[in-house]
Amino acid sequence: MDTALEDRFPTCPLSLTINGKPYTLDVHPWTTLLDLLRSDLELTGTKKGCDHGQCGACTVLIEGQRMNACLKLAVTLEGAAITTVEGLGTPEEMHPVQKAFVEHDAFQCGYCTPGQICSTIGLLNEGHASTREDIRELMSGNLCRCGAYTNIADAIEEVLADRASYREAAE
Amino acid sequence: MKRFTYTRAETVADAVAILADRPQAQFLAGGTNLVDLMKYDVERPDAIIDINSLPLKEIEELPDGGLRIGALASNSAVAYNAQIQARFPLLASAILAGASPQLRNAATTGGNLLQRTRCSYFYDPSTPCNKREPGSGCAAIGGLTRMHAILGASDKCIAVHPSDMCVALAALDATVEVVGPDSARDIAFGDFHRLPGDEPQRDNTLARDELVTGIRLEANRFAGHHTYLKLRDRLSYAFALVSVAAAMEIADGRIVDLRIALGGVAHRPWRDPLVEAEYAGAPAEDVTFQRVADRLLFEAKGLGGNDFKILLARKAIVRALRQAASGRPQSQTLKAIQ
Amino acid sequence: MLDRSKIVGSPVSRIDGPLKVTGAAKYAAEHFEPGMLFGHVALATIAAGRILAIDTRAAERLQGVVKIYTHENRPKAAYRDSKWKDAVALPGHPFRPLENDRVLFDGQPVAFVVAETPEAARDAAGLIHVHYAAETPNTHIVAEQHNSYEPPVARMKQFLPPPPRGDAEAAFAAAPHKVSADYVLPGEHHNPMELFAATVRFEDEGRLTIQDKTQGSQNSRDYVCGVFGLDPDKVIVKNDFVGGAFGQALRPKHHLFLAVMASLDLSRSMKVEMTRREMFYLSWRPSCVQTVSLAADDEGYLQAVLHHAVHTTSRHEDYQENVANWSGLAYKCDNVKISYELVKLDLATPGDMRAPGAASGVAALETAMDELACEVGIDPLELRVRNFVHRDQNQDKAITSKALHACYREGAERFGWVARSPTPRSMRDGNDLVGWGMAGGIWEAMMSKGEAKVRLSADGHVTVSAAASDIGTGTYTILGQLAAEVFDCPIDAVTVDIGRSNLPKTGVEGGSWTAATTGSAVQAAAKAVVKTLLGHAQSMENSPLAEASEEQVEISEGRLVLEANHQVGTAIADIMAAAGLDAVEEQAKVGPDILSMRRYAAYSHSAVFVEVKIDEELGVVRVTRVVSAVAAGRILNAKTARSQILGGVVMGIGMALHEEGLIDHRTGRIMNHNLAEYHVPAHADIHDIDVIFVEEQDQRASPIGVKGLGEIGIVGVAAAVSNAIFHATGKRIRNLPITIDKILESEAVQ
């Protein structure tokens, strides 16, 4: 093993907040936010479906905006506030979007689901969706191979129709 | 992914200076294309210069009625900006036709200009590719060419530029602002992207030591007559087979000023100002639109797998011009073609 | 016992739902072990040839790399093929990772890097340089179909074509109306959202606990034990959560072999997660060429059916699926000839993908039926109604149940089929041509052998256990419902323990048989618990149930009571207290009724109605409406059942319009091995889908009346879309997917 490489490519200090909890870390520059979450921090709610920004399973909220964690180098996120699916609710106390997904059976295998749910929160934050057509288009960055799309749209429609409860829970 | 060092640049001057010192370094903005390519071992920088801290996120009005978009303004910020939507709706529409909301939130204006081709041979380091490895050959020629160029290709490269935003920017005659180690300069959008010729490794005319800092748009009178029509293999989240950015100014049923740019058909957004000038004064009707299509595609050449793109582009041009003339731009949400 | 169906049948939300929506559900790659190492596979970049040399020097120098395996240093594994054959193995030689220098297909594993971090393993794999002696590959089924052959060893007897009946050729020649065409289907790739992965925990005394992405934990365990000579009692495979599979995870994949191999070799825990690209080389729906010839009389009654199917297999195995036999049993016809052959190509072995065989074969048959309806000049739905058959003519057996007429009727009504104008290109909406098409679907209702254990505690809590898998199908929930029904308890009083190899024996989750099999086993075990309880109750002094038989009792509100009079009974807690027990546990074993199977064949059926809108100039297709009416016996959970059909319909739309593995036949390599260029339907592609379950009682298909839903949803969908496109445009496109280039080139739009 060539230890000289270690010195040539040192880790970088990184401070950021994940689900409200501050972290001070040392990361390799090539570690993506997705790998940081899933491997280093064992926050496996965020999923790896393609690792190339082609499926949306890794969608998280960075400063409230939905993004693909697989294409973000962790080191570029100094000071950022990240929210993952684990930060939204727990099995016992689900976020209204999570509840709506369960109620409408908006998933089957569940693997794309955390990304769909974070993407939904991002969509609500953005405020550009009011019709079912808007939902379909603006949720198209999240593939679901089980084909739960119509149920996902139903769940989001319900949450949109009840924005008041959504805002309450987000506060 | 090749091992690399990481540096965060705090000023434009810093960024450019650091790059000058590191011949294998690359700037990193949104990362949506570069990180992807690094994971496929297509891009192999030994140093990454993070430019996200640079003060280049603003979208500002210019005294002459134009707008300046900072290179780090995200695609979403641009697409949903009220000024852009009111005055350059063509740009907003093109951006919303591309990628996904997540990618648009991360991707930047400057990065979009530098987006690399989706050619599957370029993406596969085990195949020859003159763009990736100059002189190694082009595996796409004679291979799967469904996505490839029908205009301006060379015997070295048949790749196409994948951006939607750039097609609109080409139609809108944007200006690219760049900064190098010694000076800043403007590049007309039409001069920014290149055809492959003998140097397909060069996507554009940006010098290696330069940084894109922003885009300028001049005021225009196209807001009433424009469209971005994108045709692809599924209804969202797919690269264009053919796309058309069309804008026109119409008076008394006649075209006063015409702009038309094509995406998905060439190594750069395809535009021919001579053709546009030729049809200034022509009636805004189908016969004219068909002639424009014929002229734009006069030199179009299929490679077998992409022959259909010539017909598709012809139809798309006519339809887009019709949409623009009628003042009913294509919705990026309702998938019926208007 | 009465079919009370308080819980069973109702739309109970998934009991594993809260875990899935909060990220708490752990999939195969999401387990962590101290000192764990990570593996990454380097893939071949040729489709046929030999490895001359592998240069691993640069990779070995990368910080964090522990060991690199190639065929030159791979630890020994079983010698005999039989040891490598899993429960779903095929005739031929199973693939053995890193066995020798032969490259049999593009993307074959050629090296395996083990490192301290996943990034180091991945990046080292990228530094491995392989020198090949490449041979010219053959990967084009259309070009190679003349080299087809009948499989010398059948994978399953029912995949063999039925003997011809009547004289199909003569009847075809003599008939007044006939159609005959070739249908070409490309290879498709499952692409479940979860990447294949295995986490191996290396324990003391040679014990391994493995988290694997698999549709059968016991199949993975038995494979690993066979290949490495391990004691099955010392290996546990778990698959608590499976992020989609669709058949791709039926057979153990190379990640499992390599993870266990390295774990044993290095005495360390291991994790291996595939890349998306790697998943394009595992198993796939084979490319397929079919010729279907149909003939009818003037009223549309079928006079002859001829179906010849040829699909791809690999050099080393004879993958087989039932493509063409459906054509002999879907409709009444006395002159039938079916043939089925394979073509060997330099590609990975294909595998079962959602409704394997039927998805492809019925696509061709049901398109041909639409063509025949046009030829005869009758409504395509009416053609199918006229040719309805009550018997499986292939096997000359009665059919357990077939509520297909109800599917036709209710589906057509919901869709509004009566308003269809028969002439192609005659319906419009603005710039769009509107097309309405329909097709039928069919799938075998299967049941396999299976076991389950049910435990009832004195406090009323129920635990159900079986080595079954929930791949998104709702298995957790329906098993819970079935138990809750017997014990008359809320679903949250039931713990469902599945996804582990050391639970009661269960086959792989596939073929839509899990609900029928494990569901029946759970019900049987639960009833056995009731019987045992009754025995204990009757041992009590002055038992009010002393004279009751097991058929006369049931559980109600925590008491064992007489079905006819709930006043008479004893509290479960009291029965257990009297017997000195804190729980009663029983195991049951079920299997298909062999006697019944001699006389009856069981199938699920469907009718799918599709509306497409196609821009008249540009040829952009939108599937704007789908109605799928399904007859699949008893529906255990209206919510999850509907979801299964929705999923099948979506995948069927992908099959019709989007999905195709694109191979550069010069090199034999798949070039769109990613989710940006291999298009599965995105959200914007999917509009309204209406699912109808028609009433169907069937106690022969399985003891609980279930036929299974995993496959039937996709069958017929591609044909219905294709038929709708024909109705919209007047042009028939017989090679899927129907992409915009084919629409333009067929002049379907002007």
Side-chain angles (χ1 to χ4, degrees), chain A residues 5-6 8-12 14 27-34 50-56 58-80 115 118-119 122-123 125-143, chain B residues 1-9 27-40 42 44-53 74-77 79-80 85 92 96-107 111 118 123 232 234-239 331-336:
Chain A
L5 277 169
E6 170 83 318
R8 278 173 53 208
F9 300 101
T11 56
C12 307
L14 173 68
V27 297
H28 286 295
W30 48 83
T31 298
T32 61
L33 173 59
L34 179 60
C50 73
D51 213 22
H52 289 278
Q54 301 164 350
C55 77
C58 68
T59 302
V60 296
L61 298 158
I62 303 178
E63 302 292 346
Q65 287 198 306
R66 47 178 164 161
M67 294 189 196
N68 305 89
C70 70
L71 295 179
K72 276 284 167 212
L73 296 181
V75 72
T76 65
L77 295 167
E78 178 63 32
C118 287
S119 195
L123 172 121
N125 291 346
E126 290 156 12
H128 302 302
S130 52
T131 66
R132 198 169 173 95
E133 287 77 13
D134 294 337
I135 293 170
R136 281 187 199 129
E137 169 60 18
L138 295 175
M139 288 300 292
S140 282
N142 294 84
L143 300 179
Chain B
M1 205 188 291
K2 187 177 158 181
R3 295 287 175 257
F4 58 88
T5 59
Y6 172 80
T7 316
R8 194 175 297 132
F27 293 132
L28 177 73
T32 52
N33 192 219
L34 180 58
V35 174
D36 176 39
L37 289 165
M38 287 164 68
K39 288 188 187 183
Y40 281 122
V42 174
R44 301 175 57 80
D46 66 359
I48 282 294
I49 305 164
D50 181 352
I51 58 169
N52 285 293
S53 303
S74 75
N75 288 183
S76 297
Y80 291 116
Q85 292 205 326
L96 294 178
S100 70
Q102 291 95 313
L103 291 166
R104 296 194 294 262
N105 283 342
R118 293 294 314 186
Y123 257 82
R232 48 190 151 177
R234 65 183 170 197
L235 295 175
S236 188
Y237 206 11
F239 291 94
S331 161
Q332 301 305 345
T333 299
L334 301 171
K335 300 298 177 181

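Each chain gets a letter, A, B and so on, in the order the sequences are listed, and its residues count up from 1. Computed from a predicted model, the values in this text were never measured in an experiment.
In this structure, CD1 in B:Ile51 is found 11.5 Å from OG1 in A:Thr76, a value given to the nearest 0.5 Å. For the atom pair A:Arg66 CZ and B:Gln102 CD, the distance stands at 5.0 Å (nearest 0.5 Å). Here the straight-line distance linking atom OG of B:Ser100 with atom CG of A:Asn142 works out to 7.5 Å at 0.5 Å rounding. Interatomic distance, NE2 of A:His128 versus OG of B:Ser76, reported as 7.5 Å (0.5 Å rounding). Rounded to the nearest 0.5 angstrom, A:Thr131 OG1 and B:Leu334 CG are separated by 7.0 Å. Note: B:Asp50 CG to A:Leu77 CG = 9.0 Å, rounded to the nearest 0.5 Å.
Side-chain atoms of B:Arg8 come within 3.5 Å of backbone N or O of A:Val75 as a donor-acceptor pair. A:Lys72 contributes no side-chain N or O that, together with a main-chain N or O of B:Thr32, makes up a donor-acceptor pair within less than 3.5 Å. Of the possible donor and acceptor atoms, none in the side chain of B:Lys39 sits under 3.5 Å from a partner among the backbone N and O of A:His52.
In this structure, the portion of B:Leu28 lying under 4.5 Å from any heavy atom of chain A is its side chain and not its backbone. If you measure heavy-atom distances from B:Tyr80 to chain A, the contacts under 4.5 Å come from the side chain alone. For A:Cys50, no part lies under 4.5 angstrom from a heavy atom of chain B.
Ranked by heavy-atom pairs under 4.5 Å with chain B, the first of A:Leu71, A:Thr59, A:Ile62 is A:Leu71. Of the residues considered (A:Asp134, A:Leu123, A:Thr32), A:Asp134 shows the highest number of contacts with chain B, using heavy-atom pairs under 4.5 Å. Taking chain B as the reference chain and counting heavy-atom pairs below 4.5 Å, the highest number among A:Cys70, A:Cys12, A:Cys118 is found for A:Cys70.
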- With side-chain hydrogen bond (donor to acceptor under 3.5 Å, both in side chains) as the test, would you mind laying out the steps for B:Ser236 and A:Glu137 before giving the verdict? CA-CA 7 Å; B:Ser236 188; A:Glu137 169 60 18; 3.1 Å; yes
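Side-chain contact between B:Asn105 and A:Glu126 is present, with heavy atoms from C-beta onward closer than 4.5 Å.
Taking the six-membered ring wherever Trp is involved, the centroid distance between the rings of A:His28 and B:Tyr6 does not fall below 6.0 Å.
Aromatic ring pairs are classed by plane angle as parallel below 30°, tilted from 30° to 60° and perpendicular above 60°; the pair A:Trp30 and B:Phe4 is perpendicular.
At a threshold of 4.0 Å, the pair A:Glu133-B:Lys335 does not count as salt-bridged, since none of the basic side-chain nitrogens sits closer than that to a carboxylate oxygen.
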